[in-house]
Amino acid sequence: MHRTGSAIGHHGEIIQGVFERERRTLVRGLLSLPCRAFTSTAAFGPADGNEMTVSPTWKTKALDAVKALLDSRNLLSTGGELSIKSNIPVGYGLGSSTADVIASIRAAASYHGLSLAPTDIARMAVVAEQASDSTMFDGEAVLFAQREGLVIEGLHGELPAIDLVSANVAPDKPVNTLAFPPARYSTREIEQFRSLRGFLRTAIRGGNAALLGRVATASATINQRHLPQEHFAEIKTIAEKNGAVRIQVAHSGTVVGVMFDPAGAGASKAIATAMIDLLSAGFSPQLYRH
């Protein structure tokens with residue numbers, strides 16, 4: 001009998017940079033923007049003998065994550081069949097790999113009757129991927145050390161509601177995240193991240209979409225000095241023209257999101273106009289609701 005697990009993707013990040021942990025240690029961290037339109041579902045069940053297999057065969061990171069889980073519980077010799085179905089495009093910064101890994105860990109854990117905390121899943125995801133997203137925490141907003149699998153700070157709430165108009169600025173140029181060297185932030189940029197972290201806390205605790213948008217835009221602007229997005233200024237201008245709470249990006253992908261507060265006056269009309277403007281600029285905008 002097979003058991004299933006599922007996980008959602010994301011639409012890039014609200015913030016990504018370098019942040020302080022205990023004893024003023026600096027670590028790389030991020031907060032992903034969950035997107036429930038993107039999902040991965042895994043099924044795990046018995047296999048003949050003790051072999052471990054995955055379908056599709058190229059989803060080896062998910063298989064490695066399941067092996068790490070079973071090895072940690074002395075269950076690796078039991079083998080198993082893992083299969084994955086996902087609607088998340090690869091290479092655009094939408095969390096396809098992490099979603100596969102989380103879904104697979106959850107499926108294998110369910111099959112073996114194991115209870116896992118999000119922090120357990122995070123550690124295994126980093127073992128399999130080297131760098132992971134924060135979507136294993138579901139609705140809880142956390143500042144997450146993506147290369148250590150650790151929570152830098154729990155932000156004590158969920159992200160405010162956001163309507164997001166997405167534009168893929170380079171659909172013919174998918175990104176291999178691990179092929180890029182990590183950004184080397186300046187002292188001034190690290191100080192900026194310190195301030196943005198404070199604003200992020202305030203935005204989440206107060207459900208303030210406008211302040212969240214300011215944080216996301218500032219982080220995206222810093223990222224332009226390291227892994228720049230094409231058409232960044234053009235999309236930022238469209239956002240400002242239409243009264244958006246500004247923009248966010250996949251910091252190592254190709255999607256840019258124009259953020260709207262759904263509770264704002266005239267939000268529906270502004271979203272429609274922004275989509276027309278993006279179409280006129282040559283993009284193929286999609287609307288997602290967080």
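From a predicted model like this one, the values you see are computed outputs, not experimental measurements.
For Arg289, the CZ atom sits in a loose shell: 12 or fewer heavy atoms of surrounding residues, nucleotides or ligands are nearer than 6.0 Å. For Arg3, the CZ atom counts as loosely surrounded, since its 6.0 Å shell holds 12 or fewer non-hydrogen atoms of other residues, nucleotides or ligands.
Taking the ring centre of Phe19 as origin, the terminal cationic atom of Arg28 falls outside the region bounded by 6.0 Å and 45° from the ring axis.
Although no hydrogens or angles enter the test, the distance criterion places no donor-acceptor pair under 3.5 Å between the side chain of Thr25 and the main chain of Arg21. A donor-acceptor contact shorter than 3.5 Å links the side chain of Glu189 to the backbone of Ser186. Side-chain N or O atoms of Ser110 include none that pairs as donor or acceptor with a backbone N or O of Arg106 at under 3.5 Å. Between the side chain of Gln224 and the main chain of Ala233, no donor-acceptor pair closer than 3.5 Å is present. His10 places a side-chain N or O within donor-acceptor distance of the main-chain N or O of Gly12, the cut-off being under 3.5 Å. Judged by distance alone, the side chain of Thr254 and the main-chain N or O of Asn168 form no donor-acceptor pair under 3.5 Å. Put simply, the side chain of Asp71 never gets that close to the backbone of Val66: no donor and acceptor are under 3.5 Å apart. Using modelled atom types, no side-chain atom of Glu140 and backbone atom of Gly157 make a donor-acceptor pair closer than 3.5 Å. With Ser219 contributing its side chain and Gln16 its backbone, the two residues share a donor-acceptor pair below 3.5 Å. No donor-acceptor pair under 3.5 Å is formed between the side chain of Glu81 and the backbone N or O of Thr53.
Cluster membership check: Phe199 shares its hydrophobic cluster with Val18, using side-chain heavy-atom separations under 4.5 Å among Ile, Leu, Val, Met, Phe, Trp and Tyr. Both Tyr92 and Phe38 are members of a single hydrophobic cluster when ILVMFWY side chains are connected at heavy-atom separations under 4.5 Å. At a threshold of 4.5 Å between side-chain heavy atoms, the hydrophobic network of Ile, Leu, Val, Met, Phe, Trp and Tyr places Leu150 and Leu200 in two separate groups. Note on Val126 and Ile121: separate hydrophobic clusters, where clusters join Ile, Leu, Val, Met, Phe, Trp and Tyr whose side-chain heavy atoms are under 4.5 Å apart, directly or indirectly. Following chains of ILVMFWY side-chain contacts shorter than 4.5 Å, one can reach Ile222 starting from Ile14, so the two form part of one hydrophobic cluster.
Residue Ala107 comes nearest to Gly5 through the heavy atom pair CB-N, 3.5 Å, listed as atom of the first residue, atom of the second, then distance. Between Val127 and Ala68 the shortest heavy-atom distance is CG1-CB, 4.4 Å. Residues Val142 and Leu31 approach most closely at O-CD1, 3.2 Å, considering heavy atoms. Taking both residues in full, the closest heavy atoms of Pro89 and Ser96 are given as O-CB, 3.8 Å, listed atom of the first, atom of the second, then distance. The minimum heavy-atom distance linking Ala125 with Ile105 is given by the pair N-CD1, 4.3 Å. Taking each heavy atom of Ser166 and His11 in turn, the nearest pair found is OG-NE2, 2.7 Å.
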Next item on the list: In sequence, state the C-alpha distance, the side-chain angles, and the governing distance for Leu63 and Met52, and then conclude on side chain to side chain contact (heavy atoms under 4.5 Å, CB included).
Entry: CA-CA 8 Å; Leu63 183 61; Met52 291 281 295; 4.0 Å; yes
Next item on the list: Run the numbers on Asp64 and Val101 for side chain to side chain contact (heavy atoms under 4.5 Å, CB included), then give the verdict.
Entry: CA-CA 9 Å; Asp64 288 344; Val101 164; over 6 Å; no
Item checked: Residues Ser83, Ser55; criterion side-chain hydrogen bond (donor to acceptor under 3.5 Å, both in side chains); working and verdict -> CA-CA 5 Å; Ser83 61; Ser55 175; over 6 Å; no
Next item on the list: Applying side chain to side chain contact (heavy atoms under 4.5 Å, CB included), run through Ile84 and Ser40 and close with a yes or a no.
Entry: CA-CA 7 Å; Ile84 302 168; Ser40 178; 3.5 Å; yes
Margin query: Under the criterion side chain to side chain contact (heavy atoms under 4.5 Å, CB included), I'd like the reasoning laid out for Ile88 against Asp100: C-alpha separation, chi angles, the key distance, then a yes or no.
Written below: CA-CA 9 Å; Ile88 310 176; Asp100 288 345; 5.8 Å; no
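At least one side-chain heavy atom of Leu26 sits under 4.5 Å from a side-chain heavy atom of Glu20. Between Gln248 and Met259, the closest side-chain pair of non-hydrogen atoms falls below 4.5 Å. At least one side-chain heavy atom of Leu164 sits under 4.5 Å from a side-chain heavy atom of Leu33. Using a 4.5 Å cut-off on side-chain heavy atoms (C-beta onward), Gln192 and Ser195 make no contact.
A donor-acceptor contact closer than 3.5 angstrom links the side chains of Ser134 and Ser32. For Glu129 and Thr98, the side-chain atoms include at least one donor-acceptor pair closer than 3.5 Å.
Ring orientation note: the planes of Tyr111 and Phe44 are nearly perpendicular, at an angle over 60° on the 30°/60° scale. Between His226 and Tyr185, the ring planes are perpendicular. Angles over 60° get that label, and only those under 30° would be called parallel.
The pair Arg194-Glu191 meets the salt-bridge criterion, with a side-chain N (NZ, NE, NH1 or NH2) lying under 4.0 Å from an Asp/Glu carboxylate O. Here Asp277 pairs with Lys241 in a salt bridge; the nearest charged N to carboxylate O distance falls below 4.0 Å. In summary, Arg197 and Glu153 engage in a salt bridge, as defined by a charged side-chain N under 4.0 Å from a carboxylate O. A salt bridge links Glu230 to Lys173: one of the charged nitrogens lies within less than 4.0 Å of a carboxylate oxygen.
Rounding to the nearest 0.5 Å places CZ of Phe144 at 7.5 Å from CG of Leu30. With rounding to the nearest 0.5 Å, the separation of CE in Met136 from OG in Ser132 is 3.5 Å. To the nearest 0.5 Å, the span separating OG1 on Thr135 from CD1 on Ile8 amounts to 6.5 Å. With rounding to the nearest 0.5 Å, the separation of CE in Met124 from OG in Ser104 is 12.5 Å. Atom CG of Asp120 is separated from atom CZ of Arg123 by 5.0 Å, given to the nearest 0.5 angstrom. Here Ile152 contributes atom CD1 and Leu143 contributes atom CG; the two are 4.0 Å apart, rounded to the nearest 0.5 Å.
Qualifying side-chain hydrogen bond (donor to acceptor under 3.5 Å, both in side chains) partners for Glu13, counting only residues two or more places apart in sequence or in other chains: His251.
Under a 4.5 Å side-chain heavy-atom criterion applied to ILVMFWY residues, the cluster that includes Val165 comprises Val169, Phe232, Ile235, Ile238, Ile247, Val249, Val256, Val258, Phe260, Ile271, Met275, Leu278, Phe283, Leu287 as well.
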